[in-house]
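Source: prediction; values computed, not measured. Each chain gets a letter, A, B and so on, in the order its sequence line appears, and its residues count up from 1.
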2 protein chains.
Amino acid sequence: MTISADPTPPEDPDQAPAPTSRRELNKAATRQAITDAALALLRTSGPGNFTVEDIADAAGISRRTFFNYFGSTDAALASVTHGFLDNAIQQFKLRPADEPVLQSAQEALMALADPMTVAPLAELFTLTQQSSLMSHSELEAWDHCREQITEVARGRAAATPGAVDELYLRALAGSVISCGKAAMEVWFSRRGADLSPASLAELRHLLIDAMALLGSGFTTGTSPAPSSSASRPS
Amino acid sequence: MTISADPTPPEDPDQAPAPTSRRELNKAATRQAITDAALALLRTSGPGNFTVEDIADAAGISRRTFFNYFGSTDAALASVTHGFLDNAIQQFKLRPADEPVLQSAQEALMALADPMTVAPLAELFTLTQQSSLMSHSELEAWDHCREQITEVARGRAAATPGAVDELYLRALAGSVISCGKAAMEVWFSRRGADLSPASLAELRHLLIDAMALLGSGFTTGTSPAPSSSASRPS
DNA sequence: TCACGCTTTTACACTACGTGCAAGTTTGCA
DNA sequence: TGCAAACTTGCACGTAGTGTAAAAGCGTGA
């Protein structure tokens, strides 16, 4: 599996600003090979129908090495989700500190509603057939994201006078995550793995609507349902 | 483990309206013995430091029988959470159909903020030292509760004209659960397993505040923090 | 009281998971 | 080139979870 030393060292020195040593390249490649193999097996065999050994064989590594990278099959698959959410957090952190958290979340999610970014997540979702409850590692990824949001919100709140309300931070971050998940779940249930522009536009609307619902305190109550998203052509 | 037939049959016939045959009594007793044993081991050995075999031995059953009742150690412990949340759902369903969902949730939770009901959950929480991410079974319990809330909300919305907004239902139910969890987390982090009246009063306030935050759309924004709960003597 | 059918428990076997360990291999660096 | 650190691998071990068939417990009717 390891890449034997390349006899031609040139490889554009101005193209690798990051500390990309051969070690790190190998590790990254192995990591990718594992998730690719896991995803391929998920496609062909279905969830729960393949073992760690299967993944290791397909990735060309030993079973033991697999466990050096991931703690379980689920963890390997959840790296897809992790990647997506890390991306989301990155966008989130870029938002101006004086922007309301809900709007920051909305904007961050908007930046990710493009085909290339959403595709892996959408496939994972459909392949695991939204089995209601995600895997442990999948949930860990979302929870990690929630904690990140909490921290950012805490940092913003700290800039204002008065004690930081821990309940406010946690309730808000948790709700943002829940609403984000809800929007994605509805999208997947409506469009499957459809990544067409129209479908992605609907995803964006769902995300916006979800955050709007949260921001309005779900005031549609039991009365009419003027919100939207129930019918939006594009 | 099984209870040998009781030689004295009398046992008040008017006191057992439920179909409590000896079989069901044995099953219930075994189930209870398992969770008790698991909880005891959690207390003495700490999380992750005992096996299914340990639990089975302590409960006086075989390892195989344990798996007839629970799918894992976590599941056995999560029966505590399951019991609490089932109770909550029951209270929730009793609320009038024309009441706003958020208020129903608030009222249902109020009914459970008493020492006897909260104690087991509080102990479980402290023993697992709020390890940030709950066990899979624990999360399953919360998710089941979320689904129940969704269904109740759907039923209420169906009584009104217009199509039911799936996003609204899911986002609301998810947020309610998140806020409930947030309130409990803050409570546990502040008071540990303190079940004094003052502590429980604070729990009630936290739950009320959490639902209020949700109902107001977290409008405290980045400005002041007039909400409350940050300081409440009793 | 007994005998018959159904349910539950149990022992056994088996596959797979996850980890510690020590030996072998690759990489970074002087 | 040679050494030290990092990485991979095979092996062994304990544990998780499940299928299966035999044994024990329970309900019911004669």
Side-chain angles (χ1 to χ4, degrees), chain A residues 1-9 11 13 16 18-34 37-38 41 45-78 135-137 140, chain B residues 1-9 11 13 16 18-34 37-38 41 45-78 135-137 140:
Chain A
M1 180 53 214
T2 56
I3 300 167
S4 51
D6 186 357
T8 65
E11 53 177 87
T20 44
S21 64
R22 161 139 284 112
R23 275 216 171 98
E24 302 186 42
L25 285 176
N26 281 345
K27 287 194 75 167
T30 300
R31 197 179 181 81
Q32 191 60 48
I34 292 175
L41 281 166
S45 308
N49 293 95
F50 54 96
T51 70
V52 169
E53 193 154 17
D54 293 334
I55 301 175
D57 287 350
I61 57 170
S62 72
R63 195 179 80 95
R64 190 61 183 82
T65 298
F66 172 92
F67 285 113
N68 286 345
Y69 284 84
F70 298 101
S72 65
T73 304
D74 285 340
L77 291 172
S135 78
H136 192 231
S137 306
E140 251 179 20
Chain B
M1 180 54 214
T2 55
I3 301 166
S4 51
D6 187 355
T8 65
E11 54 178 88
T20 44
S21 64
R22 165 138 280 113
R23 277 214 170 97
E24 303 187 42
L25 285 176
N26 281 344
K27 289 196 75 168
T30 301
R31 198 179 180 82
Q32 191 60 47
I34 293 175
L41 281 166
S45 308
N49 292 94
F50 54 96
T51 70
V52 169
E53 193 155 17
D54 293 334
I55 300 176
D57 288 349
I61 57 170
S62 73
R63 196 178 80 95
R64 190 62 182 82
T65 298
F66 172 92
F67 285 112
N68 286 346
Y69 284 84
F70 298 101
S72 64
T73 303
D74 285 340
L77 292 173
S135 77
H136 193 231
S137 305
E140 252 180 20

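Phosphate contact (OP1/OP2 of D:dT9, side-chain N/O of A:S62, threshold under 4.0 Å): present. Distances shorter than 4.0 Å separate some side-chain N or O of A:N26 from OP1 or OP2 on C:dT27.
The interatomic distance linking B:K27 (NZ) with D:dG25 (C1') rounds to 13 Å, in whole Å. For the pair A:H136 NE2 and C:dC17 C1', the computed distance is 16 Å after rounding to whole Å. Distance CG (A:L25) to P (D:dC7): 13 Å, rounded to an integer number of Å. The separation between B:E24 atom CD and D:dG25 atom C1' is 15 Å, rounded to whole Å. Nucleotide C:dT19 holds its C1' atom 14 Å from the CZ atom of A:F66, rounded to whole Å. The CZ-P distance, from A:F67 to C:dC21, rounds to 18 Å in whole Å. We find that CG of A:N68 is positioned 11 Å from P of C:dG20, with the value rounded to whole Å. When rounded to the nearest whole Å, the span between CZ of B:F70 and P of D:dT18 equals 14 Å.
With sequence neighbours left out, the side-chain hydrogen bond (donor to acceptor under 3.5 Å, both in side chains) criterion links B:S72 to no other residue.
In terms of heavy atoms, A:S45 sits closest to A:F50 at CB-CD2, 4.2 Å.
Among the protein residues, B:Y69 comes within range of the sugar-phosphate backbone only, with heavy atoms under 4.0 Å from sugar or phosphate atoms but none that close to a base.
Separation of atoms OG1 (B:T73) and CZ (B:F66) is listed at 5.0 Å; rounding is to 0.5 Å. Atoms CZ and CG, from A:R22 and A:L25 in turn, are 6.5 Å apart once rounded to the nearest 0.5 Å.
Sorted by residue number, the members of residues 48-57 of chain A with any non-hydrogen atom under 4.0 Å from DNA chain C read A:T51, A:V52.
In terms of modelled atom types and a separation under 3.5 Å, the side chain of A:T65 and the main chain of A:N68 share no donor-acceptor contact.
Residues A:H136 and A:E140 are in side-chain contact: their nearest non-hydrogen atoms beyond the backbone lie under 4.5 Å apart.
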Please tabulate, for the side chains in residues 52-60 of chain A, all donor-acceptor contacts under 3.5 angstrom to protein atoms that are two or more places apart in sequence or on a different chain.
residue : atom : partner : partner atom : Å
A:D54   : OD2  : A:T51   : N            : 2.9
A:D54   : OD2  : A:T51   : OG1          : 3.4

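With DNA chain C read from its 5' end, the first of the two nearest nucleotides for B:R23 and B:R64 is the one closest to B:R23.
For A:R22, taking side-chain heavy atoms from C-beta onward, the closest of the listed nucleotides C:dT27, D:dC26, D:dG17 is C:dT27.
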